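Only one structure is covered here, and it is reproduced in the block below.
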Amino acid sequence: MRHLMSPLDFSVEELDQLLDLANDIEKNPAKYAHACAGKKLATLFYEPSTRTRLSHEAAMLNLGGSVLGFSSAESSSAAKGESVADTIRTVSCYADIAAMRHPKEGSTMVAAAHSSIPIINAGDGGHQHPTQTLTDLLTIRSLKGRLDHLTIGLCGDLKFGRTVHSLIQALVRYENIEFVLISPEELRLPSYIRHDVLKRNNIPYKEVVRMEEALPDLDILYMTRVQKERFFNEEDYVRMKDFYILDKAKMELANKDMLVLHPLPRVNEISVEVDDDPRAVYFKQAKYGVYVRMALILTLLNISVED
Ligand code: NCD
């Protein structure tokens, strides 16, 4: 049995196969419409979510399966003090696969250790968010045609942004990847990722504070929201929250074929006037999230669909 805790749980070859499967699902949805008939997905969300929870559910429904779950800790027995370990043992009796989001780093690994069904990490605190990374990789590969030879700007809350942490880990395995880390001093990428992932793999990167400086060099600009819920005090959040605002004027500094991605939700960091720019692909990205999660569910449940 396999879980998905980090993007490194799949080899580069396995990831390629998964993304190929997602592209085939996009082209031939009818072929997959009953692939999970009789199967159930549980979504166990101890933290707010729109895209991640609903796209997992849409994915299972598109595959002909069904869904059950809870969307806040308060509506589950966590509110009565139940442990993640006991919850997952119980859910293992009700469902065939589960996607779980929790505010505590490592909690989804605790779940996996006590589970008899595959567990998908749908975000564990400020640590990892591997299904968002699968979504990002599918978006980049589908719209740019490659995952290698890219200069990627990561902008915003690089400290708490789990989507950034997972995306970096996944991308360093491809050839000729460079990063430009754009953040205020207080929200720099954690040093364990700079040292253990970037330096250890000899990945070229630079750190800048001004977005304008980075824009002309980028193939991809990955914007992120300042992660309000991970701040220790409101004052720091208020000071940081509007540090970056991507607008039309800044988009003029960028390449004609640079893509703007954002895991969403957006707060103020991308002005709505950018939405009409053909380079803004964050809503397409949300759609790719369904195809890739369909591919993931099939892969973890070991279901193959013949032509
Ligand atoms: C992200 C998350 O939850 O980490 N959202 C998502 O899953 N699409 C990013 C965020 O909340 O800012």
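The structure presented is a predicted model; accordingly, all values stated were derived computationally and were not measured. Atoms within each ligand, like the ligands themselves, are counted from 1 in listed order. All heavy atoms count here, side chains included; hydrogens, waters and symmetry mates do not.
When only modelled atom types and interatomic distance are considered, Thr163 and Gln132 share no side-chain donor-acceptor pair under 3.5 Å. In summary, the side chains of Asp124 and Asn121 do present a donor paired with an acceptor at a separation below 3.5 Å, with no hydrogens or angles considered.
Every residue meeting the side-chain contact (heavy atoms from CB on, under 4.5 Å) condition with Ala73, not counting sequence neighbours, appears here in chain and number order: Tyr46, Ala78. Ala85 is linked by a side-chain contact (heavy atoms from CB on, under 4.5 Å) to Ser83, His114, counting only residues two or more places apart in sequence or in another chain.
Protein residues having a heavy atom under 4.0 Å from any atom of ligand 1 are Thr52, Arg101, His129, Gln132, Arg162, Thr163, Arg225, Gln227, Pro263, Leu264, Pro265, listed by chain and number.
For residues 270-283, the side chain to side chain donor-acceptor pair (under 3.5 Å) pairs, not counting sequence neighbours, are Arg266-Asp275, Asp275-Tyr282, Asp277-Arg279.
Under the 4.0 Å criterion applied to side-chain N and carboxylate O atoms, Arg225 and Glu269 are not assigned as salt-bridge partners.
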